[in-house]
Amino acid sequence: MSKAQYILVGGFLGAGKTTAILKLAEHLKAQNLRVGLITNDQAGGLVDTARARAANWPVEEIAGGCFCCRFNSLVEASQKLAAKAQPDVFLAEPVGSCTDLVATVAFPLRQMYGADWLIAPFSVVVDPVRAAHVLGLETGTQFSEKVIYIYRKQLEEADIIVINKCDLLDNARRAALHAALAKQFPRAEIFECSARTGTGLDAWFARIASAEIRPHAAMDMDYQLYGQGEALMGWLNALLKVSAPAPFDGNLLLTDLAARLRAQLQNANAEVAHLKMMLSTGADVLAIGSVSLVHNNQKPELTHTLLDPLASGELIVNLRAEATPELLEQVVRRVAAGWLGLKLDVTKLESFRPGQPNPTHRISQPD
Ligand SMILES: Nc1nc2c(ncn2[C@@H]2O[C@H](COP(=O)(O)OP(=O)(O)OP(=O)(O)O)[C@@H](O)[C@H]2O)c(=O)[nH]1
Ligand SMILES: [Mg+2]
């Protein structure tokens, strides 16, 4: 029996990793291959896991730390998926604030589990608007320097950089970004695509579907700076119960809530990395509405639409921004309480800063 392909798709918060992974899963299924998905976050209650379940994929969620710090959980989750779904291809999405994943995840997997899994070259997905700001090609809202350190390290370790969301760019902007990435990160092969429309995905998928990561010296990392950068980010995962005297429009609720949260975060000068919210009836996991915002100056986008009005609902909120966790909690509670007509009860809420990354393994010079 041939080895299962193990594909890690990294990239900063909001770059489009989950959207691309779900497209890749469909692409593989069309070739009669079985896939298993692994999602990851610092805490449970993930929109991404709910999205994968809503699309009916076998999925395991690793909460409570990133793949590098919870390497054994990653292996256990993969083995569990192997037992229940026998994937030909694993698709794993690390937390978007993580870096050094080649040395701490890809190389250790290759060294310890190389007999079972073929570890693919490491792909890093990029939001072109965010990248143009970080690389100084365009002006716009920005994270602070230590967060940008992480962003640039993610690109530095990429075997493959995937410029996503090309549907948002004209040719000149796309070419300028491609040239800047090629110049500053010469190790990486660069692909251009739109995970949303599907344009350009085939070439990238063909490149990673059966290839193996090449051993090379891992990049240098300053873990103190990395930890300080991660600690500047606030994280919030919440679950809210929505009730109403009469059926309501869930799509309107999602876009309106996102707009109010964005306004409050903007007022507080908190740079949003990714706000995503998903609303479901709870009873039908396939009927979902979701909204997403990846820059302060973007309009919240409805990415899944509910077809029918809801009598009640469950709302998952995942918010990552450069702000204190206290501010994120305040903003979410204030917006939930200030709603007219509907009742939004916060049933669960975790807000925190990611802890200092402390990888289980680090292989800087693989054999
Ligand atoms: N215009 C456009 N939007 C896209 C594309 N791919 C993803 N998006 C949008 O970008 C936002 C973030 O996408 P996700 O797939 O959730 O990003 P992610 O990298 O998984 O985010 P995190 O898990 O929070 O790190 C969503 O609103 C997507 O619909 C694309 O090709 N074009
Ligand atoms: Mg995601």
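Numbering of ligands and ligand atoms starts at 1, following listing order. Because the structure is predicted, anything quoted here is derived from the model rather than measured.
Of the heavy atoms in N318, none comes closer than 4.0 Å to ligand 1. At a 4.0 Å heavy-atom cut-off, ligand 1 touches L168 through the side chain alone. Contacts between T18 and ligand 1 below 4.0 angstrom, taking non-hydrogen atoms only, involve backbone and side chain alike. Contact annotation for L13 and ligand 1: heavy atoms of both the backbone and the side chain come within less than 4.0 Å of the ligand. Looking at E301 against ligand 1, only its side chain comes within 4.0 Å, counting heavy atoms. Contact annotation: for D48 versus ligand 1, heavy atoms closer than 4.0 Å belong to the side chain alone. Neither the backbone nor the side chain of H295 has a heavy atom within less than 4.0 Å of ligand 1.
E157 and T99 are linked by a side-chain donor-acceptor pair at a separation below 3.5 angstrom, with hydrogens and angles left out of the test. For the residue pair E314 and S280, no side-chain donor N or O sits within less than 3.5 Å of a side-chain acceptor on the partner. Between the side chains of D100 and Y223, at least one donor N or O sits under 3.5 Å from an acceptor N or O. Side-chain N/O atoms of W235 and S351 include no donor and acceptor closer than 3.5 Å. Between the side chains of R320 and N237, at least one donor N or O sits under 3.5 Å from an acceptor N or O. A donor and an acceptor atom, one from each side chain of D48 and T18, are located under 3.5 Å apart. Inspection of the H133 and T139 side chains reveals no N or O donor paired with an N or O acceptor under 3.5 Å.
E93 counts as a contact of ligand 1, since one of its heavy atoms falls under 4.0 Å from the ligand. Ligand 1 is approached by G14 to a heavy-atom distance shorter than 4.0 Å.
Given atom 1 (N) of ligand 1, the protein heavy atom at minimum distance is D167 OD2, 2.9 Å. The protein heavy atom nearest to atom 24 (O) of ligand 1 is H274 ND1, 2.6 Å. For atom 16 (O) of ligand 1, the nearest non-hydrogen atom of the protein is R51 NH1, 3.1 Å. Scanning the protein for heavy atoms near atom 25 (O) of ligand 1, the closest one is K17 NZ, 2.7 Å. Of the protein's non-hydrogen atoms, the one nearest atom 7 (C) of ligand 1 is T19 OG1, 3.4 Å. Looking only at protein heavy atoms, the nearest one to atom 5 (C) of ligand 1 is K165 CG, 3.5 Å.
Seen from the Mg ion (ligand 2), atom OG1 of T18 and atom OE2 of E93 lie 100° apart in angle, a value rounded to 10°.
Taking any N or O of T303, backbone or side chain, none lies under 3.5 Å from an N or O belonging to ligand 1. Checked by distance only, ligand 1 and A20 stay at 3.5 Å or farther apart across all their nitrogen or oxygen atoms. When only interatomic distances are considered, the shortest N/O to N/O separation between S292 and ligand 1 falls below 3.5 Å. Checked against a 3.5 angstrom limit, the closest N/O atoms of C193 and ligand 1 fall outside it. Ligand 1 has a nitrogen or oxygen under 3.5 angstrom from a nitrogen or oxygen of G16.
When atom types are taken as modelled, the side chain of Q184 and the backbone of R152 share no donor-acceptor pair closer than 3.5 angstrom. When atom types are taken as modelled, the side chain of E322 and the backbone of S144 share a donor-acceptor pair closer than 3.5 angstrom.
Exactly one of W57, F67, Y113, Y6 qualifies for a ring-ring contact (aromatic ring centres under 6.0 Å, His included) with F90. That residue is Y6.
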| said: Checking D256 against R260 for the salt bridge (charged side-chain N to carboxylate O under 4.0 Å, His left out) test, could you report, in this order, the C-alpha distance in whole Å, the side-chain angles of both residues, the deciding distance, and whether it holds? | reply: CA-CA 6 Å; D256 219 17; R260 290 183 195 212; 3.7 Å; yes
| Stepwise, does the salt bridge (charged side-chain N to carboxylate O under 4.0 Å, His left out) test hold for K84 with E60? | CA-CA 11 Å; K84 79 174 178 197; E60 285 293 317; 2.8 Å; yes
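Aromatic rings from H216 and F107 are positioned such that their centres are separated by under 6.0 Å. A ring-centre distance under 6.0 Å is found for F143 and F12.
For D48, the N, O or S atom with the smallest separation from the Mg ion (ligand 2) is OD2.
Remark: among candidates R196, K23, K276, H304, the nearest residue to atom 22 (P) of ligand 1 is K276, based on non-hydrogen atoms. Distances from atom 6 (N) of ligand 1 to the heavy atoms of I21, V47, N164 show the closest one on N164.
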